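Input: a single structure, listed below in structure tokens.
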Amino acid sequence: MQERDVDIAIIGAGTAGLSAWHAARKQSPSVVLIEGGQYGTTCARVGCMPSKLLIAAADAAHHARDTAGFGVQVRGAIEIDGRAVMERVKRERDGFVNSVLKSMQRIDEADRLQGHARFEGPHTLIVGDHTRLRARNIVIATGMRPTWPAFFEVAGDRLIVSDDVFAWDDLPASVAVFGPGVIGLELGQALHRLDVRLRVFGVSGSLGPFQDEALRDYADRTFNEDFYVDPSAKVESIARDGEQVVITFLERGTGKRLTERFDYLLAATGRRPNVDKLDLGRADLALNDKGVPYFNRFTLQCRNADDSPSHIFIAGDANQELPLLHEASTAGRIAGDNAGRYPELRAGKRNTPLTIVFTDPQMATVGASRAELEQRHGGHECIATGEASFEDQGRAKVIRENRGMMRLYAEHGSGRFLGAELFGPRIEHMAHLLAWSLEQNMGVSRMLEMPFYHPVLEEGLRSGLRDLNTKLLQGPAIVDRCMECGPGD
Ligand SMILES: Cc1cc2nc3c(=O)[nH]c(=O)nc-3n(C[C@H](O)[C@H](O)[C@H](O)COP(=O)(O)OP(=O)(O)OC[C@H]3O[C@@H](n4cnc5c(N)ncnc54)[C@H](O)[C@@H]3O)c2cc1C
Ligand SMILES: NC(=O)c1ccc[n+]([C@@H]2O[C@H](COP(=O)([O-])OP(=O)(O)OC[C@H]3O[C@@H](n4cnc5c(N)ncnc54)[C@H](O)[C@@H]3O)[C@@H](O)[C@H]2O)c1
């Protein structure tokens, strides 16, 4: 076994680990990055990028089929070439992975270690059974992996997770997706639009990231016009028969017992942090009931079992706080910086929570949910809710994407904007405007003073803000459609 001493060890060469490495390296010349799996990051290899590539192909198919409403006839059938779809997904994905690998070449080979890392003691790691690494400070950036209930395993090798989708050479004929969360909805809708026969089964009624019941119901109705999704499914049995998975369930709406065969069961039932194989018991850290170290979200510093501050930091999906790419990058930077400075620490700037789901229509949440806000601000009377629909919105009608609604929250008295849940066309852009407004502590009336071009989807957002302003008793109600700059709202 090779023995080695370093100043800082970073476990995991994903987005958080790479970001931590660069920040730590500014503080110390002795930083080692350990990777137990493949280089290239989850985002580029099996996460954000290949999923968006598959969705882009699905969007192309959808738009090609959706021309008649504009008076444009496409003659002949729209055919999906599954091999060509997957070939492009993988080719472009490989390009993204290669750019990560290229950027990693900036890290000296001597500063990279390959092998699974586990704790032998609070300052000692065993890497791949070939190296004992002693480090003054350590960053855990080990990411997450998919998780599923044991009863899915009857499907054998026909049980797959999102990673497997991006290894396909061709599209299958049918898939049963379990889990209408972010991954299940994005991949499920994309597969459906690429002519894969689809059912999406959920439990407990949850749908994507929405907490607001009105948005959840609206999204549920809208998605069900496109593909079958039952957020509270009654699945009676799952069995394997030959090369297929046989699922018996009660059909939503009719209650009819149906038995259907699928090529795959795609488990999109959540992801768990990769901390269970780190031997954290030997690191002397205080762990929560899920085995994840307690940490401070501004410093990313963990706590020891005796509640004293630890020399170990945890960033990215591994800490389970906000498993999103931009959060992994920010948290990694703060953790790496603090690992370099320890025992002196700096509180990092954390961004406004922002989630965007790339379905059609898109889903987004900004800031806190209404329930969280009520708790934080002292009850429902402290929070005003504004609302607007995209169904009659000018620009949305022009492009025939007039589906969706939004709920916007603000504080009574101060008029400060606090958060939103949005469902509608190209919501990714409006969600950014709202997150940036929140970062700047803007009041709703100030937001309404900002320029709104015409005709744009953001005029729909202005309608929601006007309604919110009225609910705050800070402006007149908009009784008639606002016509001062055309039919935009
Ligand atoms: C299908 C899918 C789509 C997604 N789409 C989006 C999106 O559109 N937008 C968005 O913001 N986020 C998206 N995400 C989430 C995003 O990909 C993650 O939040 C982000 O990649 C997490 O980065 P990370 O560095 O924490 O983890 P990772 O990139 O997973 O890095 C962790 C690394 O640690 C290594 N490792 C684990 N254990 C050990 C060990 N013991 N020793 C050594 N190495 C170890 C792993 O091999 C891995 O390389 C998506 C995720 C998935 C799965
Ligand atoms: N656009 C994006 O930003 C994006 C895209 C993909 C993934 N991600 C990240 O990845 C994380 C993980 O995504 P995910 O979709 O795996 O998790 P998730 O928590 O969003 O969804 C899991 C879903 O599975 C359901 N479920 C649980 N057990 C079930 C069962 N036995 N049968 C049927 N359904 C069941 C849950 O009710 C939930 O709806 C997300 O939280 C997100 O942070 C982000």
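Counting begins at 1 with the first residue of the sequence. One-based numbering, in listed order, for ligands and for the atoms of each. As the structure is a computational prediction, the values presented were derived from the model and not from experiment.
- Near Ser204, meaning under 4.0 Å from any of its heavy atoms, are these atoms of ligand 2: 37 (O).
- The N/O atoms of Thr42, backbone and side chain alike, include one that comes under 3.5 Å of an N/O atom in ligand 1.
- Looking at Leu278 next to ligand 1, no N or O pair under 3.5 Å apart turns up.
- A cation-pi contact links Arg197 to Phe262, judged by a cut-off of 6.0 Å to the six-membered ring centre and 45° from its axis.
- At a 4.0 Å heavy-atom cut-off, ligand 1 touches Ala328 through the side chain alone.
- The shortest contact between atom 51 (C) of ligand 1 and any protein heavy atom is with Gly47 CA, 4.0 Å.
- Only the side chain of Lys52 comes within 4.0 Å of ligand 1, judged by heavy-atom distances.
- In Ile183, the part holding a heavy atom less than 4.0 Å from any atom of ligand 1 is the side chain.
- Under a cutoff of 6.0 Å and an axis angle of 45°, Arg216 and Phe210 do not form a cation-pi pair.
- With a heavy-atom cut-off of 4.0 Å, Arg271 touches ligand 1 through its side chain alone.
- In this structure, Gly40 falls outside the shell of residues with a heavy atom less than 4.0 angstrom from ligand 1.
- Protein heavy atom closest to atom 21 (O) of ligand 2, with residue, atom name and distance, is Gly181 CA, 3.3 Å.
- In this structure, atom 33 (C) of ligand 2 lies nearest to the protein heavy atom Phe201 O, 3.4 Å.
- Lys277 does not count as a contact of ligand 1, since none of its heavy atoms falls under 4.0 Å from the ligand.
- Across all non-hydrogen atoms, the minimal contact from Ser19 to Ser329 is OG-O, 2.6 Å.
- Interface of Ser51 with ligand 1, defined as ligand atoms under 4.0 Å from a residue heavy atom, comprises 3 (C).
- Residue Thr41 has no N or O atom closer than 3.5 Å to an N or O atom of ligand 1.
- The N/O atoms of Ala117, backbone and side chain alike, include one that comes under 3.5 Å of an N/O atom in ligand 1.
- With ligand atoms numbered from 1 in the order given, ligand 1 contributes 11 (O), 12 (N), 19 (O) to contacts under 4.0 Å with heavy atoms of Leu324.
- Considering each of Val203, Asp317, Val357, Leu187, the one bringing a non-hydrogen atom nearest atom 26 (N) of ligand 2 is Val203.
- Looking at Ile356 next to ligand 2, an N or O pair under 3.5 Å apart turns up.
- Near Gly37, with a cut-off below 4.0 Å to any heavy atom, the atoms of ligand 1 are 47 (O).
- Here the protein heavy atom with the shortest distance to atom 28 (N) of ligand 2 is Thr269 CG2, 3.7 Å.
- The single protein non-hydrogen atom nearest to atom 11 (C) of ligand 2 is Arg271 CD, 4.2 Å, given as residue, atom name and distance.
- Residue contact check: His116 has heavy atoms under 4.0 Å from atoms 40 (C), 41 (N), 42 (N) of ligand 1.
- Atom 46 (C) of ligand 1 has Glu35 OE2, 3.3 Å as its closest protein atom, hydrogens excluded (heavy atom only).
- Neither the backbone nor the side chain of Pro50 has a heavy atom within less than 4.0 Å of ligand 1.
- For atom 31 (O) of ligand 1, the closest heavy atom belonging to the protein is Gly14 CA, 3.2 Å.
- Comparing heavy-atom distances from atom 40 (C) of ligand 2 across Val182, Val200, Val161, Leu322 singles out Val182 as nearest.
- Between Phe151 and Phe178, the ring centre distance reaches or exceeds 6.0 Å.
- Taking every non-hydrogen atom of Ala141 and a distance limit under 4.0 Å, the qualifying atoms of ligand 1 come out as 32 (C), 33 (C), 34 (O).
- Residue Ile11 places no N or O, backbone or side chain, under 3.5 Å from any N or O of ligand 1.
- For atom 14 (N) of ligand 1, the closest heavy atom belonging to the protein is Cys48 SG, 3.8 Å.
- Which parts of ligand 1 touch Gly316 is read off a 4.0 Å heavy-atom cut-off, strictly below it: atoms 26 (O).
- Those atoms of ligand 2 with a heavy atom of Gly179 less than 4.0 angstrom away are 23 (C), 24 (O), 25 (C), 33 (C), 34 (N).
- Close N/O approach between Val46 and ligand 1 is not found [any backbone or side-chain N/O within under 3.5 Å].
- Ligand-side atoms of ligand 1 in range of Phe358: 8 (O), range being under 4.0 angstrom from any heavy atom.
- Contact atoms of ligand 1 toward Gly36: 43 (C), 44 (N), 45 (C) (distance under 4.0 Å to a heavy atom of the residue).
- The environment of Glu236 atom CD is dense: over 12 non-hydrogen atoms of other residues, nucleotides or ligands sit within 6.0 angstrom.
- Atoms NE2 and CG, from His116 and Leu125 in turn, are 10.0 Å apart once rounded to the nearest 0.5 Å.
- At least one heavy atom of Leu324 sits less than 4.0 Å from an atom of ligand 2.
- Nearest protein heavy-atom neighbour of atom 37 (C) of ligand 1: Thr142 O, 3.2 Å.
- Residue-to-ligand polar distances keep Phe166 apart from ligand 1: every N/O pair is separated by 3.5 Å or more.
- Relative orientation of the His192 and Phe227 rings is tilted, given thresholds of 30° and 60° on the angle between their planes.
- Counting non-hydrogen atoms of neighbouring residues, nucleotides and ligands closer than 6.0 angstrom, the CD atom of Glu213 reaches no more than 12 such neighbours.
- Looking from atom 10 (C) of ligand 1 to the surrounding protein, the closest heavy atom is Leu325 N, 3.5 Å.
- Among protein heavy atoms, atom 15 (C) of ligand 1 sits closest to Pro323 O, 3.7 Å.
- Because its NZ or CZ atom is both nearer than 6.0 Å to the ring centre of Tyr218 and within 45° of the ring axis, Arg221 counts as a cation-pi partner of that residue.
- Which of Ala328, Pro323, Cys43 comes nearest to atom 9 (C) of ligand 2 through a heavy atom is settled by distance: it is Pro323.
- Residue pairs meeting the salt bridge (charged side-chain N to carboxylate O under 4.0 Å, His left out) criterion with at least one partner in residues 282-297, sequence neighbours excluded, are Asp279-Arg282, Arg297-Glu321.
- In terms of polar-atom proximity, defined here as any N/O pair under 3.5 Å, Gly270 does make such a contact with ligand 2.
- With respect to atom 18 (C) of ligand 1, the closest heavy atom belonging to the protein is Asp317 OD2, 3.3 Å.
- Checking Ser206, Pro146, Ala233 against atom 39 (O) of ligand 2, the nearest heavy atom belongs to Ser206.
- At a 4.0 Å heavy-atom cut-off, ligand 1 does not touch Tyr39 at all.
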